[in-house]
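All of these numbers come straight from a predicted model, not from anything done at the bench.
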Protein chains: 2
Amino acid sequence: MDTLPGKTVERLSQYRRRLLNLLDDNVEYIFSHELAEIIQISAVQVRRDLMLLGFSSVHRKGYPVEMLIEVIGQRLDDEKEQNVAIIGMGNLGTALASYLNGIRPKLKIVALFDIDKKKEGMEIVGVKCYPFSELGKVIKSKRVSIGVITVPQTSAKKVAAQLVKNGIKGILNFTHIPLNVPSNVSLEEYDMITSLEKVAYFVKESQEK
Amino acid sequence: MDTLPGKTVERLSQYRRRLLNLLDDNVEYIFSHELAEIIQISAVQVRRDLMLLGFSSVHRKGYPVEMLIEVIGQRLDDEKEQNVAIIGMGNLGTALASYLNGIRPKLKIVALFDIDKKKEGMEIVGVKCYPFSELGKVIKSKRVSIGVITVPQTSAKKVAAQLVKNGIKGILNFTHIPLNVPSNVSLEEYDMITSLEKVAYFVKESQEK
DNA sequence: AATTAGTTGTTATTTATTTCACATTTGTTT
DNA sequence: AAACAAATGTGAAATAAATAACAACTAATT
Ligand SMILES: NC(=O)c1ccc[n+]([C@@H]2O[C@H](COP(=O)([O-])OP(=O)(O)OC[C@H]3O[C@@H](n4cnc5c(N)ncnc54)[C@H](O)[C@@H]3O)[C@@H](O)[C@H]2O)c1
Ligand SMILES: NC(=O)c1ccc[n+]([C@@H]2O[C@H](COP(=O)([O-])OP(=O)(O)OC[C@H]3O[C@@H](n4cnc5c(N)ncnc54)[C@H](O)[C@@H]3O)[C@@H](O)[C@H]2O)c1
């Protein structure tokens, strides 16, 4: 079975989140155009994505919500749990720890790290903060495969290198320093300033019209 | 002059950030392949983007760093300042306020909002927090054109509607509730869970190989 | 049971984005 | 000053992503 395009993965993640809401409201079936409407994309796009999952609707009733959630999970989630660590417990890291914790059953936040002695041993939403020097040890003992980087820019490269050295498989980088990792490590970078500048640009453009 | 593709805008934003670093290090010229290397993209991509700016290098010396920063600014930035408000001063909103404040001279964080009475009047990095009820008034008096939404999911739609009603021109939404805004309002949505799930998916895929 | 209407799955098409390939330009070397 | 080298700018090609178009299917209606 082929690896899905990144764009499709993003949308599947969103579909699932919306579908879980619908399930809470006891919605049993949903049409492609309804799901599309919620996410603000086209119905064809939805159908195309679901096609890639090889999942079919019940004709004239739509897609069964619960089963669709299940199928998306089968495709996106690892069978075993994937363990995540967050490195840098400042403003953003702390916000993320509480936000991400428990949000997906298969993605566990299992460790936090900081070099600040004051934060050592601290717990956020029940997850312990370790000194950065124990990175390697904890990654091994807790089988961490994904690292989220929220340290100051100046430390980003150092931290990434350490993660890679200790066998991490994926990195989500929130600093605005572009990282350079081996091709067997999945990398996702996100920069909030870029998002803000993008909105600002399109606002400017629309006003010039 | 045509509106740039969103992808190009994103990269220009990144180029500028890197170029500003280079300027600090007194680098005067840079080749397309050097900039490409830093951002981890191809040199052609860099040249194509700069081509869209109509900006030329000095042959065999590269692109003059300072002038390039200037040209990117002319294209991305509004001539006048663009004023930004952040709505929802919880973990993420607070982190963002201190992060975004002052990061681009033309993008000013001028107001923060929260419904929590305890936060009223509070200042973060010198910016005042107003009660949500004063949204309309403050947007007008401070000429806010961009709103950043960091309220709980349940309030996201309500807040967006209020922003639109009060004439906001652009919204950056960090909740994972998809928003529905009129087409004259620029919308940028970002969901950290999606990023994390994406990394997790590609980690899983790479391990199945 | 025939007709209608609504929705899907998929192929074809279009549009957007990236990469290739190379002629062109100009500093440097011989 | 000729040959070379390094980089650029860009048209053409390739790739990726989104949209359109529609035949096929079936639940509901007559
Ligand atoms: N605050 C935001 O909203 C925001 C948004 C986008 C990006 N960022 C980026 O995220 C990063 C963190 O932002 P922040 O506002 O949380 O900063 P912060 O200064 O509040 O937090 C950084 C934390 O990292 C710790 N740290 C420093 N070096 C470390 C190391 N080598 N190993 C482990 N921990 C280390 C510090 O002790 C501190 O607790 C920055 O690079 C920033 O550019 C922040
Ligand atoms: N924490 C994160 O790292 C993170 C990451 C991604 C997305 N998010 C999303 O961002 C949002 C905020 O996250 P958070 O962790 O900061 O939550 P939070 O609960 O810490 O903060 C929310 C703040 O919004 C205020 N608020 C509530 N209703 C409001 C209204 N109508 N107008 C103005 N203010 C209002 C609350 O008083 C509170 O201060 C959530 O929707 C969350 O899903 C958070």
What does the list of N/O pairs under 3.5 Å between the protein and nucleotides 6-10 of chain D look like, with a distance for each?
from   : atom 1 : to       : atom 2 : distance (Å)
dA6(D) : O4'    : Arg60(B) : NH2    : 2.2
dT8(D) : OP1    : Ser32(B) : N      : 2.9
dT8(D) : OP2    : Ser32(B) : OG     : 2.4
dT8(D) : O3'    : Ser57(B) : OG     : 3.2
dG9(D) : OP1    : Ser56(B) : OG     : 3.4
dG9(D) : OP1    : Ser57(B) : N      : 2.9
dG9(D) : OP2    : Tyr63(B) : OH     : 2.4
dG9(D) : N7     : Arg47(B) : NE     : 2.8
dG9(D) : O6     : Arg47(B) : NH2    : 2.9

Only pairs under 3.5 Å count here: list side-chain donor-acceptor contacts from residues 136-147 of chain B, not counting sequence neighbours, and write none if there are none.
from      : atom 1 : to        : atom 2 : distance (Å)
Ser141(B) : OG     : Lys137(B) : O      : 3.4
Ser141(B) : OG     : Val138(B) : O      : 3.3
Lys142(B) : NZ     : Tyr130(B) : OH     : 3.4

Item to check | Boundaries of the DNA chain C segment in contact with chain A, non-hydrogen, under 4.0 Å | outcome: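 Taking any atom under 4.0 Å from a heavy atom of chain A, the span is dA5(C) to dA12(C).
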Could you state the [atom1]-[atom2] distance from [X] to [N], rounded to the nearest angstrom?
X        : N       : atom1 : atom2 : result
Asp49(A) : dA16(D) : CG    : P     : 16 Å
Gln45(B) : dT15(D) : CD    : P     : 16 Å
Leu4(A)  : dA16(D) : CG    : P     : 14 Å
Leu12(A) : dA17(D) : CG    : C1'   : 15 Å

Checklist entry - Quick one: which of Arg11(A), Arg75(A), Arg16(A), Lys7(A) gives a salt bridge (Lys or Arg N to Asp or Glu O under 4.0 Å) with Asp49(A)? => result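 So the option named by the test is Arg11(A).
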Next on the checklist: Closer than 4.0 angstrom, basic N to acidic O: yes or no for Asp191(B) and Lys198(B)?
Outcome noted: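 Between Lys198(B) and Asp191(B) there is no salt bridge, as every charged N stays at least 4.0 Å from the carboxylate O atoms.
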Checklist entry - Are any of the side-chain nitrogens in Lys106(B) or Glu81(B) under 4.0 Å away from the carboxylate oxygens of its partner? => result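 No salt bridge links Lys106(B) with Glu81(B).
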Item to check | Non-neighbouring partners of Tyr201(B) that pass ring-ring contact (aromatic ring centres under 6.0 Å, His included), sequence neighbours left out | outcome: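 If we apply the ring-ring contact (aromatic ring centres under 6.0 Å, His included) test to Tyr201(B), skipping adjacent residues, there are no hits.
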Item to check | By ring-ring contact (aromatic ring centres under 6.0 Å, His included) - contacts of Phe31(A) (at least two apart) | outcome: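 Per chain and number, Phe31(A) pairs via ring-ring contact (aromatic ring centres under 6.0 Å, His included) with His33(A).
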Checklist entry - Which pairs pass side-chain hydrogen bond (donor to acceptor under 3.5 Å, both in side chains) with one or both residues in residues 160-179 of chain A, sequence neighbours excluded? => result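 Sorted result for residues 160-179 of chain A: Gln153(A)-His176(A), Asn173(A)-Thr175(A), Asn173(A)-Glu189(A), His176(A)-Tyr99(B).
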Checklist entry - Do the side-chain N and O atoms of Glu10(B) and Gln14(B) include a donor-acceptor pair separated by under 3.5 angstrom? => result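 No donor-acceptor contact under 3.5 Å links the two side chains.
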